[in-house]
Protein chains: 4
Amino acid sequence: MQMHFDIVPGSPVPIYRQIVEQLRRQVAGGQCQPGDELPSVRALALQHAINPMTVSKAYSLLEAEGLLERRRGVGMAVAATRHRTDAPTPTQLLRPTLREAAQQARELGLDASTALSLFAQCLQDAMPDERQDPGSPSA
Amino acid sequence: MQMHFDIVPGSPVPIYRQIVEQLRRQVAGGQCQPGDELPSVRALALQHAINPMTVSKAYSLLEAEGLLERRRGVGMAVAATRHRTDAPTPTQLLRPTLREAAQQARELGLDASTALSLFAQCLQDAMPDERQDPGSPSA
Amino acid sequence: MQMHFDIVPGSPVPIYRQIVEQLRRQVAGGQCQPGDELPSVRALALQHAINPMTVSKAYSLLEAEGLLERRRGVGMAVAATRHRTDAPTPTQLLRPTLREAAQQARELGLDASTALSLFAQCLQDAMPDERQDPGSPSA
Amino acid sequence: MQMHFDIVPGSPVPIYRQIVEQLRRQVAGGQCQPGDELPSVRALALQHAINPMTVSKAYSLLEAEGLLERRRGVGMAVAATRHRTDAPTPTQLLRPTLREAAQQARELGLDASTALSLFAQCLQDAMPDERQDPGSPSA
DNA sequence: GTGGTCTAGACCACG
DNA sequence: GTGGTCTAGACCACA
């Protein structure tokens with residue numbers, strides 16, 4: 001599968017962190033399988049018109065985390081699962097964001113049902129082609 | 001109503017921004033009415049053991065935004081709505097966070113129903129006492 | 001074009017505000033084009049012998065206003081017009097000052113023609129080299 | 001003649017200063033004659049819903065300046081001219097404001113004729129009933 | 001009492 | 001290199 005990253009240069013979240021977190025999620029969700037190769041630092045940098053050092057920093061963090069492994073002369077690839085002792089599940093990764101959203105909803109005086117239906121809209125927008133595919137395990 | 005702020009000193013989001021965003025939401029949600037007076041810079045700084053300038057920075061930004069107005073010699077108060085060009089609704093303020101969450105859910109390979117039920121849990125945790133009176137949950 | 005600021009340290013108008021207002025006017029007047037880079041915080045602070053935080057405060061306000069945008073690792077630049085909700089015209093920015101002056105003239109019992117000729121003098125003093133090329137008066 | 005003040009509580013210029021400067025101008029322009037009595041501190045404060053201390057501060061400054069004199073048991077009145085050695089003329093008082101406006105016009109890239117016609121508009125708005133009354137001497 | 005401004009200096013995050 | 005954040009402390013302006 002071809003690795004893909006959504007990079008938003010103007011975002012408040014730093015670029016290297018966008019890369020790190022997106023890859024974490026894709027691995028946790030099974031979109032990336034062990035052995036999948038990543039685009040080279042230079043290629044990714046060129047593609048998104050960002051600094052190669054930024055890409056390199058992201059890759060290094062992911063390698064230190066055990067999610068990526070460096071293959072001499074070839075590039076980076078998704079590491080085998082055994083290298084990662086603590087593989088977070090998709091729900092573990094999503095929960096902090098949702099907790100923050102729930103807290104905001106409370107401060108905004110919204111009730112739960114309003115917030116839920118708003119989230120349902122956003123989910124539809126984000127997954128236009130989803131049917132009832134239970135492809136990934138919900139921990 | 002007595003103004004209240006949840007300050008998390010170690011958070012990645014800067015303190016002054018926590019204040020700014022919480023007050024934005026409280027105003028949008030109607031928890032703060034125009035004319036409500038805010039705690040003084042010094043009081044809020046003492047209460048949370050932070051530097052007065054940090055509080056002052058938050059207040060100044062909110063004043064520049066038109067959400068607060070300075071009453072010289074008295075303090076700051078929530079500004080009348082007419083001073084604000086665009087009064088965002090609670091829904092408008094929550095949507096970006098939920099969109100981000102939906103995007104993450106997609107990257108994690110979670111389906112919509114899983115994400116929704118996870119969010120429902122978070123909402124219950126955030127609003128422990130909500131029943132059919134969403135107006136003023138007494139802490 | 002090289003960005004330039006006239007800073008008067010002893011003025012009743014605070015330094016950070018001098019920067020903010022001058023840049024607002026230069027942008028409104030087209031002296032600054034979108035994409036133009038600003039002097040770095042440290043450089044401007046050194047040049048005028050003021051504290052970097054003072055410059056930073058001005059830049060931050062202008063960014064919050066949508067007039068400037070941060071380019072991480074590079075510096076600040078004049079933002080594209082679309083980032084600004086309302087781009088005030090030079091006339092709109094000058095009118096409040098002139099209204100104030102007219103009000104003062106009235107209180108002083110001066111008639112319109114006297115006030116106008118006085119203003120004409122001031123304009124000549126302020127624009128010594130203006131002829132029929134209002135576009136780029138070379139200093 | 002009945003003394004009148006335009007007080008704008010939300011203005012950036014402090015209230016006491018609004019009073020001081022308006023009276024300076026009215027005296028310089030001859031709108032106030034020596035002997036004219038001022039409203040009492042309490043009356044002015046009540047009328048504009050401001051703090052009596054603010055009015056008092058303004059009156060004290062004007063007394064120190066020699067523009068007002070305190071009449072025991074009666075109140076303040078415009079002082080005789082002989083108490084003021086340096087009576088500024090109307091044009092002297094207006095020029096700083098116009099110089100500032102001219103400077104702003106330059107920064108805005110406006111040419112002199114545009115600025116002048118804009119000022120002419122403002123003058124008309126400020127003096128709706130003026131004909132060709134040369135009542136006050138232009139120094 | 002209120003907030004505002006500025007300074008000096010430290011430390012961090014980003015590219 | 002860039003800007004951001006926070007602190008500590010001083011001094012001022014306003015009501």
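Chain letters run A, B, ... following the sequence lines, proteins first and then strands; every chain starts at 1. Quantities reported herein were computed from a predicted structural model and do not represent experimental measurements.
Closest to the side chain of B:Arg70, out of E:dG4, F:dC6, E:dT7, is E:dG4. Side-chain atoms of C:Ile15 lie closest to E:dC6 of the nucleotides E:dC6, E:dG15, F:dC14. The side chain of D:Asn51 approaches F:dA15 more closely than any other nucleotide in the set E:dT7, F:dA15, E:dC14. Of the candidate nucleotides F:dG3, F:dA15, F:dC6, F:dG3 has the atom lying nearest to any side-chain atom of C:Tyr59. Comparing E:dG4, F:dT2, E:dT5 by their closest approach to the side chain of C:Ser40 singles out F:dT2. If you check E:dT5, E:dG15, F:dG4 against the side chain of C:Ser60, the one that comes closest is F:dG4.
For F:dT5, the OP1/OP2 oxygens have a side-chain nitrogen or oxygen of B:Tyr16 closer than 4.0 Å. Considering only side-chain N and O atoms, C:Lys57 lies nowhere under 4.0 angstrom from the phosphate OP1 or OP2 of E:dC6. Put simply, C:Ser56 has no side-chain N or O that comes within less than 4.0 Å of OP1 or OP2 on F:dG3. Applying the 4.0 Å criterion to OP1 and OP2 of F:dT7, one finds that B:Thr54 has a side-chain N or O inside that range. Distances shown here put a side-chain N or O of C:Arg72 below 4.0 Å from the OP1 or OP2 atom of E:dG15.
Between the CD1 atom of B:Ile7 and the C1' atom of F:dT5 there is a distance of 14 Å, given to the nearest Å. Put simply, CD on B:Glu69 is 15 Å from C1' on E:dT2, counting in whole angstrom units. Remark: P of F:dT5 and CD of B:Gln18 are 12 Å apart, rounded to the nearest angstrom. A:Glu21 places its CD atom 10 Å from the P atom of E:dC14, with the value rounded to the nearest Å. E:dT2 atom P lies 16 Å from atom CG of B:Leu68, rounded to whole Å. Put simply, CD1 on D:Ile19 is 12 Å from P on F:dC14, counting in whole angstrom units. Going from atom CG of D:Leu61 over to atom P of F:dC14 covers 10 Å, rounded to whole Å. Rounded to an integer number of Å, the gap from CG of B:Leu46 to C1' of E:dT2 is 14 Å.
For the atom pair CD (A:Gln22) and CG (B:Leu108), the distance works out to 11.0 Å, reported to the nearest 0.5 Å. Atoms OG1 and CD, on B:Thr81 and B:Gln33 in that order, are 8.5 Å from each other to the nearest 0.5 Å. Distance check: A:Glu100 CD to B:Leu98 CG gives 11.0 Å after rounding to the nearest 0.5 Å. Within the model, atoms CD of A:Gln26 and CD of A:Glu21 stand 12.0 Å from one another, a figure rounded to the nearest 0.5 Å.
With DNA chain E read from its 5' end, the first of the two nearest nucleotides for C:Arg17 and A:Ile50 is the one closest to C:Arg17. Between D:Met53 and C:Val74, the residue whose closest nucleotide on DNA chain F is further toward the 5' end is C:Val74. For the pair B:Val13 and D:Pro9, nearest-nucleotide mapping onto DNA chain F gives the more 5' position to B:Val13.
Among the atoms of the strands shown, base atoms are found under 4.0 Å from some heavy atom of C:Arg42.
At a threshold of 4.5 Å between non-hydrogen side-chain atoms, the residues C:Val20 and C:Arg24 count as touching.
Nucleotide F:dT2 is matched to E:dA13 when pairs are restricted to Watson-Crick or G-U wobble geometry with both distances under 3.5 angstrom.
Looking at C:His48, its side chain does come within 3.5 Å of a backbone N or O of C:Phe5 through a donor-acceptor pair.
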